[in-house]
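Working notes, structure below.
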Number of protein chains: 2
Amino acid sequence: MQLKPINVVIVDDHPMVIEGLKTLLAGETTIHIKNYFTNGKDTLAFLEKDTCDIILLDVNLPDINGVEMVGMILNKRANIGILGLSTYSEPSIINQMIRNGVKGYLLKNATSNELVEAISQVHKGRFYFGSEIQKILADSVSQDTKDTPKLTRREKHILSLIAEGKTTNNIAEELFISPLTVETHRRNLMQKLEVSNAASLIKVAIEKKLI
Amino acid sequence: MQLKPINVVIVDDHPMVIEGLKTLLAGETTIHIKNYFTNGKDTLAFLEKDTCDIILLDVNLPDINGVEMVGMILNKRANIGILGLSTYSEPSIINQMIRNGVKGYLLKNATSNELVEAISQVHKGRFYFGSEIQKILADSVSQDTKDTPKLTRREKHILSLIAEGKTTNNIAEELFISPLTVETHRRNLMQKLEVSNAASLIKVAIEKKLI
DNA sequence: ATCAATATACCAGAAAACCAGTAGATAAAA
DNA sequence: TTTTATCTACTGGTTTTCTGGTATATTGAT
């Protein structure tokens with residue numbers, strides 16, 4: 001019945017992990033490990049000529065940054081499903097990976113069942129994020145928002161106008177208020193977000209999702 | 001066998017959509033529509049006292065912004081799975097919703113099958129994003145990166161220092177170069193990203209994932 | 001009705017950023 | 001080797017932002 005097994009490529013600089021994955025997937029007739037690589041360069045070279053269904057991609061490769069790697073792979077072969085792999089789980093990295101197009105994420109202590117489940121889900125075009133990962137993502141969101149100072153409606157509005165590159169005078173004209181008032185709001189914004197200029201104001205505002 | 005149907009609450013300001021959803025789900029014995037609301041306030045009031053498994057949440061509510069709504073719901077009841085619903089599909093909104101914690105996203109033209117599939121996947125703790133949504137997300141990523149001007153290594157470095165709130169002089173000291181040189185880089189950065197001040201420089205740099 | 005929060009407004013000086021134009025040094029690619 | 005890109009640096013002037021104060025009108029909530 002399994003005429004077409006799922007072709008998987010493993011990318012991880014740690015040979016032990018590769019062996020582990022091979023063992024975990026050994027019994028699965030639906031999954032075929034087509035190849036494995038220990039760095040980004042070789043993987044990309046492989047993808048020049050050949051392809052696969054799923055790539056298990058370690059986040060910490062020696063040569064190429066994991067996040068960029070995702071983009072590069074999908075640039076070449078948009079229909080490969082990428083499953084991120086890592087030992088730890090830093091929320092910001094996971095977030096970036098997702099934004100760049102990974103279809104799933106696994107910790108390296110995943111069980112055989114999880115692994116198979118993840119691969120088959122992603123192969124079906126779905127996403128797979130285990131419960132630990134979901135928890136981590138949820139925590140990172142609440143953490144972001146917890147120590148966010150409250151901005152007034154007016155402040156939020158002016159903040160977004162600053163982000164658009166408008167000057168104090170521009171904003172004053174647009175809102176029919178005095179430039180001096182805009183200045184005050186500007187100052188209050190910087191004080192609340194604990195920064196000392198507009199550039200970092202925008203950075204932390206975006207980090208804290210105020211824009 | 002279905003002792004515990006999945007309890008679903010529908011939130012949409014358009015009664016027609018609510019009716020449509022009720023009809024589409026009518027035959028499903030595994031899914032029970034527990035309640036429905038046409039605005040955010042009522043929904044939150046309901047969640048004060050009662051709960052459910054899944055919320056089908058329209059993005060364009062009359063009173064509360066859809067993105068914020070997600071946060072508010074999860075704040076009260078973290079284990080409710082939220083499925084975003086909308087007619088159109090603006091990538092940035094979908095991205096925001098996901099970051100705030102929706103577990104899935106559906107277009108309002110979804111078929112009955114998709115709907116049931118989405119609800120049951122999310123109820124199992126998985127994500128559900130239909131192929132259209134995945135395509136939209138993928139496009140938005142490639143669109144972001146396609147018209148991104150190339151920054152030199154030095155420029156990227158200085159860009160990130162600007163984002164940290166450092167002044168031209170600070171940066172010059174840190175890099176052991178003339179403030180005048182930093183000024184030049186600064187200008188080139190603004191020119192490349194087509195902005196006229198540091199605030200918007202940071203904004204578009206983050207949008208284009210250069211930071 | 002009163003209190004707290006918000007939005008408004010001002011002065012004045014210092015610091016930093018922005019604009020326009022130019023140009024030498026170096027390093028990498030054609 | 002010539003070209004191209006990058007990094008470096010300058011002059012001089014204008015605009016904007018930042019800092020440290022102060023202060024009144026308006027609004028929302030108790």
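Within every chain, numbering begins at 1; the chains are lettered A, B, ... in the order of the sequence lines, protein sequences first and strands thereafter. This structure is a prediction, so every number in the text was calculated from the model and none was measured.
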Problem set entry | Any residue of residues 150-171 of chain B with a heavy atom less than 4.0 Å from an atom of DNA chain D | B:T152, B:R153, B:R154
Between protein and nucleotides 27-30 of chain D, what N or O pairs are separated by less than 3.5 Å?
none

Problem set entry | Between C1' of C:dA17 and CG of B:L201, the distance in whole Å | 12 Å
Exercise. Can you find a heavy atom in the side chain of A:I119 that is under 4.5 Å from one in the side chain of A:Y128?
Worked result: no
Seminar exercise, completed: Exactly one candidate in A:K150, A:K192, A:R186 meets side chain to side chain donor-acceptor pair (under 3.5 Å) with A:E155; the answer is A:K192
Problem set entry | A:M69 CE to A:L74 CG distance, which is reported to the nearest 0.5 Å | 10.5 Å
Taking only nitrogen or oxygen atoms into account, show me every contact under 3.5 Å that the protein makes with nucleotides 25-30 of chain C, one pair per line with its distance.
none

Problem set entry | Matching residue for B:L189 among B:T184, B:I162, B:V195 - test: side-chain contact (heavy atoms from CB on, under 4.5 Å) | B:I162
Name the atoms and distances for all side-chain donor-acceptor pairs under 3.5 Å in residues 9-16 of chain A, with sequence neighbours left out.
residue: A:D12; atom: OD1; partner: A:H14; partner atom: N; Å: 2.8
residue: A:D12; atom: OD2; partner: A:K108; partner atom: NZ; Å: 3.1

Exercise. Does A:T167 offer a backbone N or O that forms a donor-acceptor pair with the side chain of A:N170 under 3.5 Å?
Worked result: yes
For this session: Would you sort out whether A:L159 and A:L210 count as a side chain to side chain contact (heavy atoms under 4.5 Å, CB included), showing the intermediate values?
Result: CA-CA 9 Å; A:L159 177 60; A:L210 295 168; 4.1 Å; yes
Exercise. When you measure from the side chain of A:N100 to the backbone N and O of A:V67, does any donor-acceptor pair fall under 3.5 Å?
Worked result: yes
Exercise. Residues from residues 179-190 of chain A sitting under 4.0 Å of DNA chain D, heavy atoms only?
Worked result: A:E183, A:R186, A:R187, A:M190
Exercise. If we only count heavy atoms from C-beta on, is the B:R154 to B:T181 side-chain gap below 4.5 Å?
Worked result: no
For this session: Look at the rings of B:F127 and A:F129 and say which category their plane angle falls in: under 30° parallel, 30 to 60° tilted, over 60° perpendicular.
Result: perpendicular
Exercise. What do the steps show when you test B:I55 against B:L47 for side chain to side chain contact (heavy atoms under 4.5 Å, CB included), and what is the final call?
Worked result: CA-CA 11 Å; B:I55 293 182; B:L47 291 174; 4.1 Å; yes
Exercise. What base-paired stems does DNA chain C take part in, with at least 3 consecutive Watson-Crick or G-U wobble pairs and both distances under 3.5 Å?
Worked result: C:1-30 with D:1-30
Problem set entry | Side chain proximity check, B:K76 to B:M72, heavy atoms < 4.5 angstrom | no
Exercise. Can A:E183 and A:R187 be counted as an ion pair, charged N to O under 4.0 angstrom?
Worked result: no
Problem set entry | Partner of B:N7 by side chain to side chain donor-acceptor pair (under 3.5 Å), out of B:H32, B:H123, B:K34 | B:H32
Exercise. A:I177 has an atom CD1; how far is it from atom P of D:dT26, in whole Å?
Worked result: 15 Å
Problem set entry | Carboxylate-amine/guanidinium proximity below 4.0 Å for A:E132 and A:K135 | no
Exercise. Which whole-number value in Å describes the distance from A:N197 CG to D:dT16 C1'?
Worked result: 13 Å
